Amino acid sequence: MKNWKWGFGTVLLAALMSFGTPTKPEWAIAIHGGAGVILKRNLSPEMEKAYRHMLDSALTVGEKVLAKGGSSLDAVEKVIRVMEDCPLFNAGKGAVFSHDGYNELDAAVMDGSNLMAGAVAGVRNVKNPISLARKVMTNSDHVMLSGKGATDFAREQGLEIVDSTYFFTERRWKDLQDAIAKEKANKFGTVGCVALDKAGNLAAGTSTGGMTNKKWNRIGDTPIIGAGTYASNKSCAVSGTGHGEFFIRYTVAREIAALMEYKGMTVKQAADEVIINRLKAAGGEGGVISVDKDGNIALVFNSAGMYRGAADSKGRHEIAIFGNE
Ligand code: ASP
């Protein structure tokens with residue numbers, strides 16, 4: 001009888017102690033499909049529906065990997081491949097055109113468990129640059145490969161090589177003609193994914209066609225580790241989208257991780273500080289998705305909208321596009 005009471009008391013005490021301490025999710029994931037001037041009035045109901053549907057499908061692919069105990073790296077690569085194969089996003093199939101009428105793709109991936117990273121810049125014939133970035137990380141001694149050499153490596157690794165016509169889409173071609181007429185290089189799209197897996201490992205990946213009408217083999221922030229992509233199990237995983245030159249100069253992704261590591265900020269505070277305070281003041285438009293080592297997610301942008309989604313093992317599953325959602 002005495003023992004029974006003692007046991008009951010312990011259970012009661014444990015229950016009382018855990019009351020109010022929220023349990024961490026076992027896994028968490030966030031995605032983006034680009035930030036920018038995304039306003040409801042500029043998006044037809046059909047296009048909005050298509051974007052929401054694709055974001056939802058991509059997020060679901062990642063959720064399934066993580067729920068089954070798969071790695072955050074696998075989730076990131078699989079999700080980004082889905083978005084690269086979709087013409088709606090500025091990555092892979094939907095990539096924007098450079099001034100000379102090419103599609104030059106950049107991508108990066110980072111493993112937060114060991115700080116290994118892989119990136120490719122300016123590739124023109126690789127169907128899924130995110131997979132090439134992962135091969136650079138795992139199967140080469142390097143972090144970043146570019147142009148023709150990167151494509152040669154992709155061929156050696158058995159990745160799918162496509163003719164440059166694969167990347168042609170009417171919509172992006174029109175964008176280029178508009179940008180040339182206005183003598184502007186526009187920002188558009190980009191896709192990214194960050195994830196925390198059941199083993200506690202973080203990973204980040206980003207893939208883009210860069211900016212419409214870009215010249216001189218311009219490379220943006222996406223493939224630059226610490227600028228558009230970063231992951232460390234010590235703090236968080238980050239993927240950015242926006243005006244790349246600002247993300248490079250403000251080392252956006254690493255800065256968010258550093259503010260967490262050295263200043264003890266939460267992931268939301270750190271992302272707000274960099275994106276809302278510093279970047280916006282400097283005139284740099286864009287946003288980030290980030291997940292920390294405890295599964296907290298921050299989706300922060302200083303532009304009108306950002307195609308985005310977030311999910312975790314505790315039942316969170318949401319898709320949003322506009323600023324007021
Ligand atoms: N950050 C990308 C770049 O500057 C573009 C984007 O995210 O829309 O290349």
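These numbers were taken from a predicted model, which means no experiment stands behind them. Any value given below was found using the heavy atoms of this structure, including those in side chains, with hydrogens, waters and symmetry copies removed. We count ligands from 1, going down the list as the structure has it; atoms in each ligand are counted the same way.
- Which parts of ligand 1 touch G220 is read off a 4.0 Å heavy-atom cut-off, strictly below it: atoms 9 (O).
- The G244 neighbourhood of ligand 1 comprises atoms 4 (O), with distances under 4.0 Å to a heavy atom of that residue.
- To the nearest 0.5 Å, atom CG of residue D292 and atom OG of residue S232 are 11.5 Å apart.
- The N/O atoms of T190, backbone and side chain alike, include one that comes under 3.5 Å of an N/O atom in ligand 1.
- Near T241, meaning under 4.0 Å from one of its heavy atoms, ligand 1 places the atoms 6 (C), 7 (O), 8 (O).
- Under a 4.0 Å heavy-atom criterion, G242 is in contact with ligand 1.
- There is no side-chain donor-acceptor pair under 3.5 Å between E285 and S303.
- Heavy atoms of other residues, nucleotides or ligands lying less than 6.0 angstrom from NZ of K198 number more than 12.
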What donor-acceptor contacts under 3.5 angstrom involve side-chain atoms of residues 62-69, with partners at least two apart or in another chain?
unit_1	atom_1	unit_2	atom_2	d
E63	OE1	H317	ND1	2.9
E63	OE2	H317	ND1	3.1

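- Among K214, H32, R218, the residue whose heavy atom sits closest to atom 9 (O) of ligand 1 is R218.
- Residue K93 qualifies as enclosed at atom NZ: its count of foreign heavy atoms under 6.0 Å is above 12.
- For residues 26-74, the ring-ring contact (aromatic ring centres under 6.0 Å, His included) pairs, not counting sequence neighbours, are Y51-F89, Y51-Y307.
- At a 3.5 angstrom cut-off on N or O pairs, H243 does not count as close to ligand 1.
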